[in-house]
Every structure is written in structure tokens, then in C-alpha cells.
S.K.: 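Submitted below is the structure of interest, expressed as C-alpha cells.
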Amino acid sequence: MEVNVSRRFAKPILFLFKILGCQKMLLVCKGYSEDYELFTELNWDEDKELDFNSDTQYQDFRIWL
């Protein structure tokens, strides 16, 4: 199952997943490392400094269950 996420809520959701230790939910995005076809999993420790508001760099955020 997947749920679309607004880029406004992507960073707080990523932080929440870290706090809760979610094992069955992933926040993913298109456009990470210029990969505009596949989704890439985001991890708080590695990706907390990303510009989540960039329209050109990160096109689509989703939660995968």
C-alpha cells in the first residue's frame, strides 16, 4: 500500500518514523540523486538536510506500508 505525501509533511514524517522506530513503513521519493523514474528510501540520519521544498529535485513523496 502507498500513500502520497505533501512535501510540506515529508520531513516531519521522516523524523516521526525515526522517533517511533517504524520498521514496516518507509518514506520514499522520486528525484533523489537525479533518479526520476524509481523511488528511493529516505533515512533521517542521512537525509535530514535535504531541501524537501525543491520542486525540481524531489518530485513525489510517498509512504510505503
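Residue numbers start at 1 and run along the sequence shown. The structure presented is a predicted model; accordingly, all values stated were derived computationally and were not measured.
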S.K.: Under 4.5 Å between side-chain heavy atoms, counting indirect links through other Ile/Leu/Val/Met/Phe/Trp/Tyr residues: same cluster for Met1 and Leu27 or not?
M.R.: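 Hydrophobic grouping puts Met1 with Leu27.
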S.K.: Report the residues that fulfil salt bridge (Lys or Arg N to Asp or Glu O under 4.0 Å) with Arg62, sequence neighbours left out, ordered by chain and then residue number.
M.R.: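 Expected list: Glu2, Asp60.
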S.K.: List the steps, then state whether side-chain contact (heavy atoms from CB on, under 4.5 Å) holds for Tyr32 with Phe39.
M.R.: CA-CA 8 Å; Tyr32 190 87; Phe39 284 92; over 6 Å; no
S.K.: Please tell me if the side chains of Phe17 and Met25 come closer than 4.5 Å, counting only heavy atoms from C-beta onward.
M.R.: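 They are in side-chain contact.
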S.K.: Treat each ILVMFWY residue as a node, draw an edge where side-chain heavy atoms are under 4.5 Å apart, and state whether Leu38 and Leu50 are in one component.
M.R.: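 As far as the 4.5 Å side-chain criterion goes, Leu50 and Leu38 are not connected within one cluster.
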S.K.: Nearest heavy-atom pair of Asn43 and Asp45: which atoms, and what distance?
M.R.: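 Shortest heavy-atom separation between Asn43 and Asp45 comes out as OD1-N, 2.9 Å.
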S.K.: Taking distance alone, no hydrogens or angles, what donor-acceptor pairs closer than 3.5 Å link side-chain atoms of residues 7-14 to residues at least two apart or in another chain?
M.R.:
unit_1 : atom_1 : unit_2 : atom_2 : d
Arg7   : NH1    : Asp55  : OD1    : 3.0
Arg7   : NH2    : Tyr58  : O      : 2.6
Lys11  : NZ     : Lys48  : O      : 2.9

S.K.: Verify the cluster assignment for Leu26 and Trp44: are they in a single hydrophobic cluster under the rule of side-chain heavy atoms below 4.5 Å apart?
M.R.: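 No, because Leu26 and Trp44 fall into different hydrophobic clusters, even though each may have its own neighbours under 4.5 Å.
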S.K.: Val3, Phe61: one ILVMFWY side-chain cluster at the under-4.5 Å cut-off?
M.R.: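 Yes, Val3 and Phe61 fall within the same hydrophobic cluster.
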S.K.: Who else is in the cluster with Leu16 when I, L, V, M, F, W and Y are joined by side-chain contacts under 4.5 Å?
M.R.: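 Members alongside Leu16: Leu20.
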